[in-house]
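Here's the structure, in C-alpha cells; my notes come after.
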Amino acid sequence: MSDIQIEEQEQVAQRRAKLQALREKGNAFPTGFRRTVIAAELYSAYEGSSKEALDDSPVRVKVAGRIMTRRIMGKASFCHIQDMSDKLQLYVARDNLDEGFYNEQFKSWDIGDIIGAEGVLFRTKTGELSVRVDSIQLLTKALRPLPEKFHGIADQEIKYRQRYLDLIMSEDSRKTFSIRSQVVSYIRQFLIERQFMEVETPMMQSIPGGATARPFITHHNALDMELFLRVAPELYLKRLVVGGFERVFEINRNFRNEGLSSRHNPEFTMLEFYQAYAEYQDLMDLTEEMLRGLAEMVTGQTVITYQGEDYDFGKPFDRMTVVESILHFNSALTNEELNHRLGASKIAETLGIPVKESYGLGKIQIEIFEKTVEHKLMNPTFITAYPVEVSPLARRNDDNPEVTDRFEFFVGGREIANGFTELNDAEDQAERFQKQVEEKEAGDDEAMHFDADYITALEHGLPPTAGQGIGIDRLVMLFADAPSIRDVLLFPLMRTKS
RNA sequence: GGGUCGUUAGCUCAGCUGGUAGAGCACCGCACUUUUAAUGCGAUGGUCGACGGUUCGAAUCCGUCACGACCCA
C-alpha cells in the first residue's frame, strides 16, 4: 500500500485503530443481540401514546440499526439509528449506563456503526418518540465514513456503483426498490389468482428466440457447445402451453446485447404470460385491469404522476391501429399514400428515415410509427394491427392478412407491453422463420434463427393462445417516477473502472 | 457512434480575464444531561480525474485519454 493511500484514508485509519482496540477487548463482532421490535412498529403502536402515558406504564424495547446522526452534549447524547423500516432516536445518558461505559465506549463510536440498544420508550420535550437507553452495544464497527448527512450522494455514478451507500442515505431510493418489490408481487398474485402457473424456462439457449434482438454468446465447456443468453422466454413458454400448461407466466431476466440508455439495460426483467383459449383483445382487457390495480396499489389512486405529467389509468385506455395512429399524429398524410410501399417510403425519406431495399411496407410503416407516433402516446394507449413483417410470431388477422392480431401498450411515450394472439399454424411459422433467416443472411443480426424444434412442438398442436410480455423495469420506472432504468435496477451495468 | 456538460478535502460544493487551494458537513481536541442539519471555540486534512502542451507561472488556457450524466442515432 502506498503512502498516498494511507494518507487518503485518515478517517479509515482512525476507525481501524478503534476496531483494533475492540479486538483486544474480546469479540469485536458479536452476533447474539436480538431486537424485539423495529422502528416503524413502534411509531404505529405508540402513535397515540402521550408523554405521560409512556412514563406511567414504561415500555421496554430492544432495537438495532446503523447510527445515522449523533449529538453529544457532555454527559448525554442523542442519536438516530436507522433500521429496515425507519429512523429512531435514542437518548443515551452517562448515568443510565454502566460505570465508565459512556466515556470509554459509547463516545468513541462513529456515525455508520451498527449498534443494539435496550431501554424504555419516552417522548422528548418536542414530542419525538425515543428510547431512553440503559444498555447499548456496538455490533459492527464501520471502517468507512458515510456520505455527508444533509445533501447525501449527489453523484449518480456512486449511487449506481455503490448502491448500498445510496440505500443507506436515500429514503427515495429505498422507496423505489420497495415499489419494485410491490409491483412484482402484485403481478404475481394477480396472475396466480387467475389460474396462471409460474414457471422458469432456460436462460441459456442453443437457439435464441422469441424476439428480434442481438444475443450474448457464451460457451459451455463440457458439451463444447455455443450457447446464447436468452433474449426472451417466449418459445419455451409456448412449448409449455403445447404441453398442456394452459396458463403460464414467467418473471425473469432477459439479455440483449445492445446499447445502454435511460430505457435500456443489457439485462432487464420481463413478465411473459400465455393464456390458451384467449385472443389478444382478452389480454388488452386483462392488462387494463392489472395496470389499474397496480396504480391503485402503489399510489392509492388511478392517476399517477410521472416526471411531472399525470396519467389516468382509471378511464378506459385508448385503442388505435398502427396506421390510424400515424394518420392521427400526421394530419398531412393520407391513408392511400401510407398503404403502398412507394408512398410510404417517400414519407419515410422526408422524415429522414433511411429505407433499405429489403424493407417491405410493414417495416416502413413501423419506422414511421416509431419516429412520429411512439413518443407522443402519453395517456395509456393500445396500438393494434402490427404488420406481419415485423411480427414473426403473431397470428395473421382474419380480415387483413398483412397485419397481425397484435397490440403494444404505451404510456408516457414509452412502450411497456407487447402482446398478440399466438401464431399456432406450424407451417406459417416455418415460413416466417425462413423469412427471418433470409433477413439475417442479408445482414440483420437482430433477425431470428430458424428453430426447428419449436416448429416440431407447434406441429403437435398449440391451442389458440394469446401471450404477452411486459417490461417490468419500465413499469416500475412509471410507478416509482424514476427518470432512468438505472434508478430501478439495484445494480445497473456499469463500465468497469481501471 | 455523435453532441453538450461534469470530474477540486471522506461527502456537498465555491474558486472571475492564469499569480501561495476555500467553505459547510464529517473527522480530531475542549466545553455542554432534551438534542434533532445540536451549539460554541480550536486544529487536521488536497498528485485540483490522468497524460501531454502553451506560459516566468496552470485547478484555471489548448490537446488526447479515462469515467460519468443528459440529449441524439
Side-chain angles (χ1 to χ4, degrees), chain A residues 2-18 39 51 54-55 66-82 86-97 101-103 106-113 119-134 141-163 165-166 168-171 258-265 307 348 351-354 367 370-371 374-375 413 446 482-487 492-498:
Chain A
S2 73
D3 289 349
I4 292 163
Q5 274 172 301
I6 289 166
E7 275 172 35
E8 273 176 353
Q9 299 181 346
E10 189 197 330
Q11 288 187 52
V12 176
Q14 288 163 354
R15 288 173 177 231
R16 275 191 205 285
K18 290 176 181 177
K51 189 175 169 66
L54 287 169
D55 290 344
R66 188 185 294 277
I67 301 176
M68 298 304 291
T69 61
R70 206 166 56 134
R71 296 170 290 283
I72 298 180
M73 302 160 302
K75 300 177 188 65
S77 300
F78 284 95
C79 60
H80 275 100
I81 59 168
Q82 179 169 285
D86 210 335
K87 288 191 174 76
L88 179 65
Q89 182 168 258
L90 306 182
Y91 174 72
V92 183
R94 185 193 67 181
D95 296 343
N96 293 337
L97 301 180
F101 193 89
Y102 182 82
N103 283 316
F106 175 77
K107 279 170 92 170
S108 72
W109 298 349
D110 294 295
I111 288 171
D113 289 353
V120 294
L121 286 181
F122 76 110
R123 281 193 191 278
T124 64
K125 59 182 190 190
T126 57
E128 180 169 348
L129 189 68
S130 306
V131 179
R132 182 182 288 109
V133 172
D134 49 49
K141 182 72 199 165
L143 294 176
R144 291 174 185 271
L146 288 178
E148 195 254 8
K149 65 185 168 191
F150 189 60
H151 298 90
I153 304 170
D155 185 346
Q156 280 296 334
E157 185 177 355
I158 295 175
K159 281 172 161 272
Y160 297 150
R161 286 188 191 273
Q162 294 180 275
R163 182 65 86 185
L165 279 181
D166 177 40
I168 291 169
M169 299 306 296
S170 168
E171 168 83 46
E258 293 164 357
L260 285 76
S261 81
S262 59
R263 291 186 298 281
H264 299 86
N265 194 67
Q307 303 291 294
L351 290 166
I353 300 166
E367 293 283 332
E370 287 178 358
K371 179 104 181 187
E374 196 169 314
H375 63 279
E446 291 189 349
S484 169
I485 194 170
R486 295 179 160 205
D487 298 321
L493 183 70
M494 302 289 280
R495 198 185 293 266
T496 50
K497 276 200 153 177
S498 51

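So you know, we letter chains A, B, ... as the sequences are listed, proteins then strands, and number each from 1.
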Inset, instruction - Mind calculating the distance between CD (A:Gln156) and P (B:rU12) to the nearest angstrom? - result: 11 Å
Inset, instruction - Specify the separation, in whole Å, of atom CD1 of A:Ile153 and atom P of B:rG6. - result: 22 Å
Legend entry - Base paired to B:rA59 (Watson-Crick or G-U; both N/O distances under 3.5 angstrom): none
Legend entry - Minimum-distance nucleotide to A:Ser484 side chain [options: B:rC70, B:rU12, B:rC11]: B:rC70
Inset, instruction - In whole angstrom, give the distance that lies between atom CZ of A:Arg71 and atom P of B:rA37. - result: 7 Å
Legend entry - Side-chain N or O of A:Lys125 closer than 4.0 Å to phosphate OP1/OP2 of B:rU34: no
Inset, instruction - May I ask you to say whether A:Lys18 pairs ionically with A:Asp110, meaning some side-chain N is under 4.0 Å from a carboxylate O? - result: yes
Inset, instruction - Quick one: label A:Tyr102 by what it contacts on the DNA or RNA (base, sugar-phosphate, nothing), any heavy atom closer than 4.0 Å. - result: nothing
Inset, instruction - Return the set of residues passing side-chain contact (heavy atoms from CB on, under 4.5 Å) with A:Pro145 (not counting sequence neighbours), or none when no residue passes. - result: A:Gln11, A:Val12, A:Arg15
Inset, instruction - Could you please name the partner base of B:rU39, counting Watson-Crick and G-U wobble pairs only when both distances are under 3.5 Å? - result: B:rA31
Inset, instruction - Could you pull out all residues at least two apart from A:Asp86 that satisfy side-chain contact (heavy atoms from CB on, under 4.5 Å)? - result: A:Ala39, A:Tyr43
Legend entry - Side-chain N,O (A:Arg486) to OP1/OP2 (B:rA69) below 4.0 Å: yes
Legend entry - Any side-chain donor near an acceptor of the partner, A:Thr69 and A:Arg71, under 3.5 Å: yes
Below 3.5 Å between N/O atoms, which protein atoms pair up with nucleotides 21-28 of chain B? Just atom names and distances, please.
{"from": "B:rA26", "atom 1": "OP1", "to": "A:Lys149", "atom 2": "NZ", "distance (Å)": "3.0"}
{"from": "B:rA26", "atom 1": "N3", "to": "A:Gln11", "atom 2": "NE2", "distance (Å)": "3.1"}
{"from": "B:rC27", "atom 1": "O4'", "to": "A:Gln11", "atom 2": "OE1", "distance (Å)": "3.2"}
{"from": "B:rC27", "atom 1": "O2'", "to": "A:Gln14", "atom 2": "OE1", "distance (Å)": "2.4"}
{"from": "B:rC27", "atom 1": "O2'", "to": "A:Gln14", "atom 2": "NE2", "distance (Å)": "3.4"}
{"from": "B:rC28", "atom 1": "OP1", "to": "A:Lys18", "atom 2": "NZ", "distance (Å)": "3.0"}

Inset, instruction - Sort out the partner of B:rG1 for me: Watson-Crick or G-U wobble, both distances under 3.5 Å, none otherwise. - result: B:rC72
Legend entry - side-chain hydrogen bond (donor to acceptor under 3.5 Å, both in side chains) involving A:Ser108 - partner list, sequence neighbours excluded: none
Legend entry - All side-chain contact (heavy atoms from CB on, under 4.5 Å) counterparts of A:Lys107, not counting sequence neighbours: A:Ile72, A:Tyr102, A:Asn103
Inset, instruction - Scan A:Arg123 against the nucleic acid and name what it touches under 4.0 Å (heavy atoms): base, sugar-phosphate only, or nothing. - result: nothing
Legend entry - Pairing partner of B:rC67 (Watson-Crick or G-U wobble, both distances under 3.5 Å): B:rG6
Legend entry - By side-chain contact (heavy atoms from CB on, under 4.5 Å) - contacts of A:Met73 (at least two apart): A:Phe78
Inset, instruction - Would you tell me if any nitrogen or oxygen in the side chain of A:Arg94 comes within less than 4.0 Å of OP1 or OP2 on B:rU33? - result: no
Inset, instruction - For A:Gly152, report the nucleic acid contact type (base, sugar-phosphate, nothing); a contact means any heavy atom under 4.0 Å. - result: sugar-phosphate
